[in-house]
Amino acid sequence: MSRARILLGSATGLIIVAGLIAAPFGLKPYGIYILTLWAVTAIAAIGLNLTLGYAGQISLAQGAFVGIGAYAAALLTTHGWPLGAAYVVAALACFAIGWLLGYPALRVQHHYLAFVTLAFSTLIYLVLRNEEWITGGIYGISNIPRPSLFGYLLRSPRDFYYFCLANLALVSLAAWWLIRSPWGRAFVALRENPVRALSLGVDTRRYTLMAFALGAALGGISGVLYAPLVQYIDPTPFSLLLSLNLLLMVIVGGSGYFFGPFVGAVVAVLLPEWLQSADRLYDALGPLSDVMRFVLPPDALKYVAKHYLVAYAIFVMVLLVFRPSGIIGFFQRRFTRRKPDTPPAAPVTQAKVA
Amino acid sequence: MAVLEVRDLSKQFGGIHAVEGVSFDVNEGEILGIIGPNGSGKSTLFNCILGQLHPTSGEVRLDGRAVTGMRPCDLNRLGVSRTFQLLQVFPELTVRENLILAAQEHKGSMLTRLFGARDVGLTGDAGRMIEFFRLAHVAEAKAGALSYGQQKLLDAAMAFMAGPRLVLLDEPAGGVNLTMLANLRDRLAAINREEGATFVVIEHNMEFVMALCSRIVVLAEGRIIAQGDPADVRRDPKVIEAYLGH
């Protein structure tokens, strides 16, 4: 990596981190809420990026793990336990369940595996909805308290935002360490060529299970933060849609790239909000808007704001057709070497043995 | 002394006998060639020996110890390494990373590999292997960006990274140009001489086999039809018939 790239990278990183820290001072509570949601969602996406992006194991169950984490946090904290206890319980439980969910991946791959994990996701949703004695069924669990840190109650949106941002930072550091360790190398080997990896002494069974377990644990941690953020949960947000949305984040951001999930979460959580308020862009731009008006008529922005979900869907479709390696993948290739923008190669299957 | 003993090994796929009653020994320090026409069961034999396929019957022993059906990763950690017929490098890892990966699971435990040094103390070994296989100019390039011949060298280098005592090479010369071929043959002979590693080589290129191997086993339709000294095997009428047809 050249010195200029390192400099450019650290400068961009610093600006983004400074922006994230300063953001709540310029935002209304709803804006802070959305930004907190971004941080919480990014944690789950980082987990899925480990399982799918690095180790190459598709999972449509990440949303279910967020659900397990959220219900663990809701149940424990409404019964007087601290959020820290829920943190440990949810992470361990999701790690164990994720490990078990990894077993099918030892036998089936790709879309078969997708359907196995999809079934698991549906199962968890049904448990959350139907086992009223513990989950409260469709009525959900309300009055989930905000956590305290060293005796200080994180009640205000801003305080809780910083708490979630700190969690995101810790998770990011841990994920960074993991993927740069020999484990990360083994995960990539597992994704690119499991048969060859096995022949080089890589215990692909153990690494596959570990990839599922670690990804699931991060899903659980994301849920633990989600519950006190919204303070009321029911089964609806943890349906298959959440799993699909997390999958979208990983792929749109750039599957197998460290910063992919962060950007993916921006696209999935923040972009719809931005599009919805597109018509207010010129109010914010001030004098600059007089120039912009010629290029982009305000009526067009009003149209986007009115049909923001349509605009969002078109954006995602166009992006995936023209930039299949995701946003980060595109920039990475752009700045490193000239090479056609291709999707990551499909993992090789058992067939290659013969 | 025999490093590897294969006893009466058979593999059926449905009604087809891909390998049938194959027995042979591989002695310490030798280079054994396995030849035979296409479809004679060479690769299936390799895959049965290495635990990638489960043999229908028969036994494989390593240093006298039964290892039949052992998982490839466990067998590899006992010092048995291999290459595949098709190129098998990890295109998104650099040459150096490919080599480190090829030996990292032989060092420490899962825990030390998570919290310990990123290179597992293998940078030196990887550097030596890069020098030895003349890959220094591409050491930091992604393996996917290398030429076919360079990838082939890397593929072979990975098989030697963990210092194996037995290496099974499946068509190492396939698709490699003449210069690269001589380079590869040199390197293999040097490792055999200097490290005393034992090789089993499947190969179609007769020149390559004759120049490299000390003994040859000939397979046809899943059975051994001849074995012995390269020059004798070459003159054997059964071998000539198997290659030229009836």
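Proteins get letters first, then strands, A, B, ... in listed order; numbering begins at 1 in each.
The CG atom of A:Leu200 sits 9.5 Å away from the CD atom of B:Gln88 when rounded to the nearest 0.5 Å.
When all heavy atoms are compared, the tightest approach of A:Val195 to B:Gln52 is CG1-NE2, 3.4 Å. Of all heavy-atom pairs spanning A:Arg196 and B:Thr83, the tightest one is NH1-CA, 4.2 Å.
Proximity of a side-chain donor or acceptor of B:Asn76 to a complementary backbone N or O of A:Ser199 within less than 3.5 Å is detected. A distance-only check finds no donor-acceptor pair linking the side chain of B:Glu92 to the backbone of A:Glu192 [under 3.5 Å].
Under the 4.5 Å side-chain criterion, counting only non-hydrogen atoms from C-beta, B:Arg77 is in contact with A:Asp203.
Around atom CZ of B:Arg118, more than 12 heavy atoms belonging to other residues, nucleotides or ligands sit under 6.0 Å away. Around the CG atom of A:Leu173, the shell of radius 6.0 Å holds more than 12 heavy atoms that belong to other residues, nucleotides or ligands. Within 6.0 Å of CZ in A:Phe259 there are 12 or fewer heavy atoms belonging to other residues, nucleotides or ligands. For CZ of B:Phe13, the number of neighbouring non-hydrogen atoms (other residues, nucleotides, ligands) closer than 6.0 Å is greater than 12. Residue A:Arg205 places its CZ atom among 12 or fewer non-hydrogen atoms of other residues, nucleotides or ligands, all under 6.0 Å distant. The 12-atom threshold is not exceeded at NE2 of B:His54, counting heavy atoms of other residues, nucleotides or ligands nearer than 6.0 Å.
For B:Met158, the parts lying under 4.5 angstrom from a heavy atom of chain A are both the backbone and the side chain. The parts of B:Asp155 that come within reach of chain A are both its backbone and its side chain, each placing non-hydrogen atoms under 4.5 angstrom from that chain. For B:Leu50, no part sits under 4.5 Å from any heavy atom of chain A, backbone or side chain. Heavy-atom distances place both the backbone and the side chain of B:Glu97 under 4.5 Å from chain A. Neither the backbone nor the side chain of B:Ala103 has a heavy atom closer than 4.5 Å to any heavy atom of chain A. Looking at B:Ala102, both its backbone and its side chain come within 4.5 Å of chain A, counting heavy atoms on both sides. Using a 4.5 Å cut-off between heavy atoms, B:Phe115 contacts chain A through both its backbone and its side chain.
Scanning residues 177-186 of chain A against chain B with a 4.5 Å non-hydrogen threshold yields A:Trp177, A:Leu178, A:Arg180, A:Ser181, A:Pro182, A:Trp183, A:Arg185, A:Ala186, sorted by number.
Each side chain to side chain donor-acceptor pair (under 3.5 Å) pair with one or both residues in residues 87-99 of chain A, not counting sequence neighbours, appears once here: A:Tyr87-A:Asn167.
The most heavy-atom pairs under 4.5 Å with chain A, out of B:Met110, B:His106, B:Met161, come from B:Met110.
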